[in-house]
2 protein chains.
Amino acid sequence: MYGMAMDTRERLVESTRALLWERGYVGTSPAAILDRAQVGQGSMYHYFRGKSDLAQAAMERTADEMKRQIAADMSAPGTAFERIRSYLHRERDVLKGCPIGRMTLDPEVYASEPACEPLDDTFQWLCETLRGVLEEGKRDGEFVSSLPSAPVATALAAVVQGGYVLARAAHDPARFDEAVDGALELLAGFVRRSHD
Amino acid sequence: MYGMAMDTRERLVESTRALLWERGYVGTSPAAILDRAQVGQGSMYHYFRGKSDLAQAAMERTADEMKRQIAADMSAPGTAFERIRSYLHRERDVLKGCPIGRMTLDPEVYASEPACEPLDDTFQWLCETLRGVLEEGKRDGEFVSSLPSAPVATALAAVVQGGYVLARAAHDPARFDEAVDGALELLAGFVRRSHD
DNA sequence: GTCTATATCATGATAGAC
DNA sequence: GTCTATCATGATATAGAC
């Protein structure tokens, strides 16, 4: 499989993923997709019903890939706190923003039930995963038992999404890191002084 | 002034503000602006040089209004923690998202130096304001002195922006409230047990 | 399967009448 | 100042050749 040249359909999906990330749905034209994929117009309408159908396939793949990435970050060895830090501080192309999060702001995506499904699913899954790690930490005596894992998990997911926004406003990835550091400092307040 | 009918220029700016909020810059056409403002095409090009010039005026006004709103939230009576909660839990049209934050994701806005200026300015100002309130709380003995106010201020600003994203993904404003509650619970860990 | 017309409509801006 | 043509361009989809 590896090293195999991408076939036409594949190039269309990858081209669309890149453009949706950069420009969103309303900002991406079929012509730009075809140009980037080096594919003629006919091919797109052969494999897909149109722009929205192609975008759906692209978003579903992006959602799947993001879940894989998060799972990898969070299943690294180490304490619960370290695993969460590992996710929050993973190397990112911060100024490009989140390929999933940015789609939620697109008016046409927001209005489409099937288009929102992978986005909602990804964030539900992320929050649930973070909550699981926090719960593990509580069970292992790493975090104090009063840590409210569900809202804190949601807050952590929000800090990542909001960190992208602050960084883009300033054209400075350091704003993302600062937000994440602030969240980790707050979370560190719930780490037990001494494990038994 | 009050009760005065909006003049043409004013209607154009307000119409643009509403549409930028709903659809972003690339998703908003001059025709839609004119239609909503009930204004003819000629008027727009009389008062403004074009779409981008009008959008600039609209974003600057939105930024100004947001800063006024935040200042009002955060200068309410009460402890530092209460003032921060008052900002975070202010009544919002959560599913519409943040009119400033959403613009940062727009590719054309992001690429334009003057367009980004009011966005960057607003978030800088917000983080600085939050940091000031946290510092006050430390000075008054409300927060423990180890609270790192700058990164925590950035994290709080990020939670708000990210809360909008999570809420829109789920079409459920409760996700915003959950994120904000998580952040407040974390912050509460830094409130001194007993003030002197 | 992939390509090149082609059709239709929207976009963003201009010109010129009133 | 405001309006209604008008224009060049691009967006989205279809048709039909190869």
Side-chain angles (χ1 to χ4, degrees), chain A residues 4-59 102-103 105-115, chain B residues 1 4-60 102-103 105-115:
Chain A
M4 223 181 107
M6 270 193 279
D7 67 9
T8 302
R9 195 196 136 96
E10 188 63 12
R11 287 213 307 282
L12 283 167
V13 172
E14 287 302 316
S15 165
T16 305
R17 288 198 332 126
L19 284 166
L20 289 182
W21 194 0
E22 279 175 32
R23 308 192 39 89
Y25 183 79
V26 298
T28 297
S29 68
I33 293 171
L34 298 170
D35 185 53
R36 185 176 189 126
Q38 291 292 335
V39 162
Q41 207 154 21
S43 299
M44 168 172 149
Y45 289 97
H46 173 72
Y47 290 107
F48 301 95
R49 278 193 304 266
K51 176 184 170 182
S52 67
D53 188 33
L54 175 47
Q56 183 76 27
M59 289 195 293
R102 77 115 60 239
M103 301 311 291
L105 295 188
D106 202 294
E108 320 240 320
V109 170
Y110 182 72
S112 156
E113 164 89 70
Chain B
M1 281 300 259
M4 225 178 104
M6 271 197 278
D7 65 10
T8 302
R9 196 197 135 94
E10 187 65 13
R11 286 212 307 282
L12 283 167
V13 173
E14 287 304 315
S15 165
T16 304
R17 287 193 338 123
L19 284 165
L20 289 182
W21 193 359
E22 278 175 35
R23 307 191 43 87
Y25 182 79
V26 297
T28 297
S29 68
I33 293 171
L34 298 171
D35 185 52
R36 184 176 188 127
Q38 291 292 334
V39 161
Q41 208 154 19
S43 299
M44 171 174 148
Y45 288 97
H46 173 72
Y47 290 107
F48 301 96
R49 277 192 306 264
K51 177 185 169 182
S52 66
D53 188 33
L54 175 48
Q56 184 74 29
M59 289 194 295
E60 281 167 8
R102 77 116 57 239
M103 300 311 291
L105 296 187
D106 201 294
E108 321 239 321
V109 170
Y110 182 73
S112 156
E113 163 89 68

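All figures in this text were calculated on a predicted structure; none of them were measured in a lab. Below, read A as the first sequence line, B as the second, and so on, with proteins coming before strands; counting in each chain starts at 1.
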Quiz item: Touch check for S52(A), heavy atoms < 4.0 angstrom, all strands: base, sugar-phosphate only, or nothing?
Solution: nothing
Quiz item: Q41(B) side chain: which of dT14(C), dG1(D), dT4(C) is closest?
Solution: dT14(C)
Exercise. Measure the spacing between CG of D106(A) and CZ of R23(A) and express it to the nearest 0.5 Å.
Key: 11.5 Å
Quiz prompt | Check: R11(B) side chain, M6(B) main-chain N or O, donor-acceptor pair, under 3.5 Å | solution = yes
Quiz item: Which whole-number value in Å describes the distance from L54(B) CG to dA13(C) P?
Solution: 11 Å
Quiz item: Can you tell me how far P of dA15(C) sits from OH of Y45(B), to the nearest Å?
Solution: 12 Å
Quiz prompt | Residue pair M44(B) / V39(B), side-chain heavy-atom distance below 4.5 Å | solution = no
Quiz item: Donor-acceptor pair, T16(A) side chain versus A58(A) backbone, under 3.5 Å?
Solution: no
Quiz item: Rounded to the Å, how far apart are L12(B) CG and dG12(C) P?
Solution: 15 Å
Self-check item: Nucleotide dT11(C), atom C1' - distance to CG of L19(B) in whole Å
Solution: 15 Å
Quiz prompt | Atom-to-atom span, CG of L34(B) to C1' of dT11(C) - whole angstrom | solution = 12 Å
Quiz item: Can K51(B) and E108(B) be counted as an ion pair, charged N to O under 4.0 angstrom?
Solution: no
Quiz prompt | Short side-chain N/O contact to dG1(D) OP1/OP2 from T8(B), under 4.0 Å | solution = no
Exercise. Name the closest nucleotide to the K51(A) side chain, picking from dT12(D), dC3(C), dT2(D).
Key: dT12(D)
Exercise. Return the value, rounded to whole Å, for the distance between atom CE of M44(A) and atom P of dA15(D).
Key: 15 Å
Self-check item: Between dT2(C) (P) and R9(A) (CZ): distance, integer Å
Solution: 12 Å
Quiz item: If you find the nucleotide of DNA chain D closest to A31(A) and the one closest to R49(A), which residue's nucleotide is nearer the 5' end?
Solution: A31(A)
Quiz item: Taking only side-chain nitrogens and oxygens of S29(B), does any of them come within less than 4.0 Å of OP1 or OP2 of dT11(C)?
Solution: yes
Exercise. Could you tell me the separation between the CD atom of E108(A) and the P atom of dT12(D), rounded to a whole number of Å?
Key: 9 Å
